[in-house]
A.B. asks: 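Take a look at the following structure, please.
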Amino acid sequence: MPQKYRPIIGLLALALLFRGVAFFYVSQNPAKSLNIDSATYSNISENLIAGNGYSRCAEAPFVQDTFRTPVYPCFMAIIFGLGGSWLAVCFFQI
């Protein structure tokens with residue numbers, strides 16, 4: 001390995017270490033890692049999977065939500081749809 005790549009590899013290794021620590025913290029303390037915003041995105045993704053549209057309502061009527069960006073709930077819906085859990089979402093996000 002050339003000498004000029006060592007700082008970059010060291011920085012990437014440090015970043016991977018920080019991500020590993022973050023994932024370990026989330027897996028050991030899931031209640032502290034979730035908040036109201038997380039629950040809102042989770043409701044939207046669960047409604048997408050159930051076919052109720054882009055809504056954050058937990059039960060009918062499912063009013064469409066236009067205040068949340070669509071990419072993250074769709075990302076969560078894909079992982080939940082494949083049988084994943086919150087931990088899987090956190091792993092792929094980290």
A.B. asks: Going from CD on Q28 to CZ on F23, what distance comes out if it is rounded to the nearest 0.5 angstrom?
C.D. replies: 9.5 Å
A.B. asks: Specify the closest pair of heavy atoms between A77 and S45, including all atoms of both residues, with the distance to one decimal.
C.D. replies: N-CB, 3.6 Å
A.B. asks: Run the ring-ring contact (aromatic ring centres under 6.0 Å, His included) test against F75 and tell me which residues pass, sequence neighbours left out.
C.D. replies: Y72
A.B. asks: Hey, any chance V21 and I94 share a hydrophobic cluster, counting ILVMFWY side chains that come within less than 4.5 Å of each other, even indirectly?
C.D. replies: no
A.B. asks: With clusters built from Ile, Leu, Val, Met, Phe, Trp and Tyr whose side-chain heavy atoms come within less than 4.5 Å, directly or transitively, what are the remaining members of the cluster of V71, listed by chain and number?
C.D. replies: none
A.B. asks: Among all residues two or more places apart in sequence or in another chain, which pass the side-chain hydrogen bond (donor to acceptor under 3.5 Å, both in side chains) test with S42?
C.D. replies: E46
A.B. asks: Return the minimal non-hydrogen interatomic distance between I79 and A88, and the atom names on each side.
C.D. replies: CG2-CB, 3.8 Å
A.B. asks: Sequence neighbours left out, what passes side-chain contact (heavy atoms from CB on, under 4.5 Å) with L12? Give chain and number order.
C.D. replies: I8
A.B. asks: Starting from L11 and following side-chain heavy-atom contacts under 4.5 Å between hydrophobic residues (I, L, V, M, F, W, Y), which residues can be reached?
C.D. replies: none
A.B. asks: Could you pull out the closest heavy-atom pair between C90 and V26, with the gap in Å?
C.D. replies: SG-CG1, 3.6 Å
A.B. asks: Looking at CD1 of I49 and CG of L82, how far apart are the two atoms once the value is rounded to the nearest 0.5 Å?
C.D. replies: 9.0 Å
A.B. asks: For atom OH of Y41, is the number of surrounding heavy atoms from other residues, nucleotides or ligands below 6.0 Å larger than 12?
C.D. replies: yes
A.B. asks: Is there a side-chain contact between W86 and M76 (heavy atoms, below 4.5 Å)?
C.D. replies: yes
A.B. asks: To which residues is Y54 joined in a hydrophobic cluster, defined by side-chain heavy-atom contacts under 4.5 Å among Ile, Leu, Val, Met, Phe, Trp and Tyr, whether direct or through other members?
C.D. replies: I44, L48
